[in-house]
Participant: 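So that we are looking at the same thing, I have put the structure below in structure tokens.
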Amino acid sequence: MENAALLSGLAKRLIRDNILSSEEAATATETAASQKIPFITHIVQSNMASAREIAIAASDEFGSPVIDIESVASDVAPGELVSENLIRKHRALPLFKRGTRLFVALADPTNLPALDEIKFNTGLNTEAIVAEADKLEVAIEKYLESQDTTFQDMGDADLDDLDIEAGGEDDTQDVTPDAADDAPIVRFVNKILLDAIKMGASDIHFEPYEKAYRIRFRADGILQEAAKPPVNLSGKLAARLKVMSQLDISERRIPQDGRIKLKLSKTRAIDFRVNTLPTLFGEKIVLRILDPDSAKLGIDALGYEDEQKQLYLDALEQPQGMILVTGPTGSGKTVSLYTGLNILNTPERNISTAEDPAEINLEGINQVNVNSKVGLDFGAALRAFLRQDPDIVMVGEIRDLETANIAIKAAQTGHLVLSTLHTNSAPETLTRLRNMGVPAFNIATSVSLIIAQRLGRRLCGHCKQEMDIPKETLIAEGFKEEEIGTFKVYGPKGCDKCNNGYKGRVGIYEVVRITDKISRIIMEEGNAIEIADASKAEGFNDLRTSGLMKVKQGVTSLEEVNRVTTGH
């Protein structure tokens with residue numbers, strides 16, 4: 001074969017052991033070279049051979065011992081000898097030092113450039129130990145994470161020079177105490193912010209306790225521990241975060257709200273909404289990560305079924321009426337609303353929003369932060385908007401009868417109004433307005449569309465596995481008997497590319513258009529159950545049905561749908 005001369009010794013060994021054919025080895029070698037990734041990484045990722053088979057073949061061929069990398073504690077590795085750059089560059093993990101010899105775990109023991117560069121940088125004789133490629137990747141990331149959350153080896157100049165500014169309106173504070181400007185503290189906080197962004201987290205929790213301090217990220221809706229700095233740094237970390245967000249660092253007795261803007265590049269900035277809370281052992285500080293790009297994903301990325309998406313788009317095209325988005329905190333209501341506003345945001349339209357506070361900044365939209373201290377509540381903001389000839393108005397939340405009445409009058413008099421309510425389903429939203437004191441006739445003639453939503457975790461595309469679930473169980477969960485067998489149910493497994501089998505989130509929606517039939521039930525002051533029955537008869541899927549559709553599509557698991565919707 002003409003490519004045989006180009007094959008590495010490991011590739012030839014895999015051919016001899018009948019693990020790969022000659023053609024597969026040659027193709028894999030070419031593909032790995034074109035993608036600039038190691039040969040072993042490519043064949044493991046492509047499932048051409050298992051990492052275990054490759055490790056044993058490499059050990060036999062080159063006489064290097066094999067190690068179970070999972071059994072090695074990451075904190076015993078002599079990390080100070082080998083820089084993070086070298087570990088990342090060569091995917092090589094230093095294991096232990098014996099005299100003048102340094103033993104390094106590699107998937108490919110023939111990777112001489114890696115061994116030579118580590119030897120040159122450490123001055124030690126470097127010897128290879130073979131590790132399974134997939135387990136080695138996990139071990140390297142775990143080791144680097146443990147190094148990242150310490151104050152050692154944090155000499156990254158980028159961490160010192162991050163462009164950070166307060167995002168609040170009040171610039172009168174000019175307090176920068178020594179504690180908050182301490183260089184290791186600055187680098188550590190910057191590192192935590194960047195790690196959270198890279199991980200796709202939505203919140204960062206800085207939590208002081210009596211004998212411990214922990215930092216947690218909320219990723220895909222689930223909290224997980226990210227770091228445990230020394231408890232005696234509690235005050236310094238709080239002071240640094242408060243200086244960054246222009247808060248009063250001398251005030252520790254009451255909650256405070258602020259903002260941080262982190263400029264990642266000339267074209268991309270991330271906002272953090274900051275809230276402090278006095279606890280028994282210091283101030284707990286929570287940062288909500290607000291990515292403006294999330295509003296620009298487009299409606300197709302949010303997870304609406306085709307008919308649901310069309311209902312939303314049709315409602316947005318109406319010159320007047322009210323669109324209500326409902327769901328618990330953290331269910332993605334803001335992104336749904338802003339996606340709609342982004343579609344409507346054209347030079348011909350006057351769009352105003354009242355929020356508490358504004359989470360995503362959008363060019364071309366007049367955004368107002370409500371401030372109850374000075375009398376600027378949702379009702380006052382709405383009245384002001386209506387004096388400025390708006391086409392579209394967005395109210396962050398309808399909390400009281402006054403706001404509800406003004407919003408409904410606006411929707412009846414030629415304005416498109418978007419808002420949110422904290423209810424569990426579309427039918428409950430209508431009865432909630434009625435319970436607030438809004439006349440039934442006004443609800444029926446102003447509300448045009450209701451979207452109830454939840455966020456479920458997406459299954460990881462790399463490792464999701466088919467589940468064997470009995471037919472009776474599927475029927476009990478809500479699937480129709482005739483459709484069982486026409487789809488596969490997948491569940492989480494977990495790999496180095498995801499969080500416990502999940503990666504990212506997807507919206508699960510109940511989108512209900514207020515039809516003539518539903519309007520009649522509202523005017524007759526029917527209850528939520530009657531409205532739900534009418535909605536189902538009109539062909540609108542409830543949250544549970546939409547969730548089960550996501551299971552049938554292989555997007556999420558049945559247990560995740562049960563977590564975010566009402567199970568049976």
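The analysis underlying the following values was restricted to heavy atoms, covering all of them including side chains, and did not include hydrogens, waters or symmetry mates.
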Participant: Find out whether R434 and N527 are in side-chain contact, i.e. whether some heavy atom of one side chain is under 4.5 Å from a heavy atom of the other.
Facilitator: no
Participant: Would a 4.5 Å heavy-atom cut-off, applied to side chains only, mark L324 and L433 as touching?
Facilitator: yes
Participant: Around atom NZ of K497, are there more than 12 heavy atoms from other residues, nucleotides or ligands closer than 6.0 Å?
Facilitator: yes
Participant: Minimum heavy-atom separation for L449 to I514, with atom names?
Facilitator: N-CG1, 4.3 Å
Participant: Under 4.0 Å between a Lys/Arg side-chain N and an Asp/Glu carboxylate O for D300 and K309?
Facilitator: yes
Participant: Count the heavy atoms of every other residue, nucleotide or ligand shown that sit under 6.0 Å from CG of D516, and state whether that count exceeds 12.
Facilitator: no
Participant: What verdict does the side-chain contact (heavy atoms from CB on, under 4.5 Å) test give for L262 and I197, after you've listed the backbone C-alpha separation in whole Å, the side-chain angles of each residue and the deciding distance to 0.1 Å?
Facilitator: CA-CA 10 Å; L262 179 63; I197 293 168; 3.6 Å; yes
Participant: Would you confirm whether S448, through its side chain, and M322, through its main-chain N or O, come within 3.5 Å as a donor-acceptor pair?
Facilitator: yes
Participant: Going by heavy atoms in the side chains, are L430 and I521 under 4.5 Å from each other?
Facilitator: no
Participant: Sub-3.5 Å donor-acceptor pair from the side chain of R544 to the main-chain atoms of E477, do we have one?
Facilitator: yes
Participant: To the nearest 0.5 angstrom, please state how far the CE atom of M244 sits from the CG atom of N190.
Facilitator: 5.5 Å
Participant: Do any N or O atoms from the side chain of R216 and from the backbone of D203 form a donor-acceptor pair under 3.5 angstrom?
Facilitator: no
Participant: Should the ring pair Y312 and Y304 be called parallel, tilted or perpendicular, given that the plane angle runs from 0 to 90° and is split at 30 and 60?
Facilitator: tilted
Participant: Answer yes if the side chains of Q453 and S336 hold a donor-acceptor pair under 3.5 Å, and no otherwise.
Facilitator: yes
Participant: Checking the side chain of D542 only, and the main-chain atoms of A532 only, is there a donor and an acceptor separated by less than 3.5 Å?
Facilitator: no
Participant: Between the side chain of E510 and the main-chain N/O of S425, is any donor-acceptor distance below 3.5 Å?
Facilitator: no
Participant: Can you check whether V393's main-chain N or O pairs, donor with acceptor, with S352's side chain at less than 3.5 Å?
Facilitator: no
Participant: So, the side chain of H415 versus the backbone of A410: is there a donor-acceptor pair under 3.5 Å, distance only?
Facilitator: yes
Participant: Compare all side-chain heavy atoms of P208 with those of K284 and state whether any distance is below 4.5 angstrom.
Facilitator: yes
Participant: Using a cut-off of 6.0 Å, state whether more than 12 heavy atoms not belonging to R252 lie near its atom CZ.
Facilitator: no
Participant: As a quick check of understanding, evaluate side-chain contact (heavy atoms from CB on, under 4.5 Å) for K536 and T545, giving each step before the final call.
Facilitator: CA-CA 10 Å; K536 196 170 185 180; T545 306; 5.5 Å; no
Participant: How long is the gap from CD1 on I285 to CG on L237, to the nearest 0.5 Å?
Facilitator: 8.5 Å
Participant: What I'd like to find out is whether the side chain of L455 reaches to under 4.5 Å of the side chain of V564, using heavy atoms alone.
Facilitator: no
Participant: May I ask you to test the M394-E355 pair for a side-chain heavy-atom distance under 4.5 Å?
Facilitator: yes
Participant: Heavy atoms only: give me the nearest A201-I289 pair and the separation to one decimal.
Facilitator: O-CD1, 3.4 Å
Participant: I'd like to know whether S546 forms a side-chain hydrogen bond (donor to acceptor under 3.5 Å, both in side chains) with Q308, so could you lay out the CA-CA distance, the side-chain angles of the two residues, the decisive distance to 0.1 Å, and finally the verdict.
Facilitator: CA-CA 10 Å; S546 294; Q308 293 177 331; 3.2 Å; yes
Participant: Can you measure from CD (E524) to OG (S519) and round to the nearest 0.5 angstrom?
Facilitator: 10.5 Å
Participant: Could you pull out all residues at least two apart from F281 that satisfy side-chain contact (heavy atoms from CB on, under 4.5 Å)?
Facilitator: E210
Participant: With a 6.0 Å cut-off (strictly less than), is the heavy-atom count around CD1 of I529, excluding the residue itself, greater than 12?
Facilitator: no
Participant: Just verifying a value: how many Å separate L416 CG and Q320 CD, rounded to the nearest 0.5 Å?
Facilitator: 9.0 Å
Participant: Could you tell me whether the side chain of L193 reaches within less than 4.5 Å of the side chain of L287, counting heavy atoms only?
Facilitator: yes
Participant: Does E481 pair with K471 as a salt bridge, N-O distance under 4.0 Å?
Facilitator: yes
Participant: By the ring pair (Phe, Tyr, Trp, His ring centres under 6.0 Å) test, which pairs, at least two apart or in different chains, include something from residues 469-490?
Facilitator: F479-F487
Participant: Going by the salt bridge (Lys or Arg N to Asp or Glu O under 4.0 Å) test, which pairs reach into residues 395-409, not counting sequence neighbours?
Facilitator: D356-R399, R383-E402, E397-R399
Participant: Closer than 4.0 angstrom, basic N to acidic O: yes or no for E305 and K550?
Facilitator: yes
Participant: Above 12 or not: heavy atoms from other molecules or residues under 6.0 Å from OH of Y209?
Facilitator: yes
Participant: So does Y502 get a backbone contact from the side chain of N499, meaning a donor-acceptor N/O pair under 3.5 Å?
Facilitator: no
Participant: Please find the pair of heavy atoms, one from N369 and one from A358, that lie closest to each other, and give the distance.
Facilitator: OD1-N, 2.6 Å
Participant: So which heavy atom on M523 is nearest to which on A444, and how close?
Facilitator: CG-CB, 3.7 Å
Participant: May I ask you to test the Q224-N500 pair for a side-chain heavy-atom distance under 4.5 Å?
Facilitator: no
Participant: Might you work through the side-chain hydrogen bond (donor to acceptor under 3.5 Å, both in side chains) test for D314 and Q310, ending with a clear yes or no?
Facilitator: CA-CA 6 Å; D314 290 346; Q310 197 55 51; 2.9 Å; yes
Participant: Hey, could you give me the OG1/CG distance between T413 and L386, rounded to the nearest 0.5 Å?
Facilitator: 6.5 Å
Participant: Where do H422 and R432 land on the side-chain contact (heavy atoms from CB on, under 4.5 Å) test, with the steps shown first?
Facilitator: CA-CA 9 Å; H422 283 284; R432 170 95 172 93; over 6 Å; no
Participant: So D257 and N275, side-chain hydrogen bond (donor to acceptor under 3.5 Å, both in side chains) or not? Walk me through it.
Facilitator: CA-CA 5 Å; D257 293 293; N275 175 264; 2.8 Å; yes
Participant: Do you know which two heavy atoms are closest between V417 and A407, and how far apart they sit?
Facilitator: CG2-O, 3.7 Å
Participant: Locate the shortest heavy-atom distance separating P492 from S557; write the atom from each residue and the value.
Facilitator: CD-CB, 4.1 Å
Participant: side-chain contact (heavy atoms from CB on, under 4.5 Å), that's the test. Do E283 and K242 meet it? Break it down for me.
Facilitator: CA-CA 10 Å; E283 289 178 286; K242 287 165 80 173; 2.9 Å; yes
Participant: Got a donor-acceptor contact below 3.5 angstrom from the T279 side chain to the G282 backbone?
Facilitator: yes
Participant: Just checking E466: does its CD atom have more than 12 heavy atoms from other residues, nucleotides or ligands closer to it than 6.0 angstrom?
Facilitator: yes
Participant: Just by modelled atom types, is the E538 backbone N or O under 3.5 Å from a matching donor or acceptor in the K517 side chain?
Facilitator: no
Participant: Calculate, to the nearest 0.5 Å, the distance between atoms CD1 and CG belonging to I260 and L290 respectively.
Facilitator: 11.0 Å
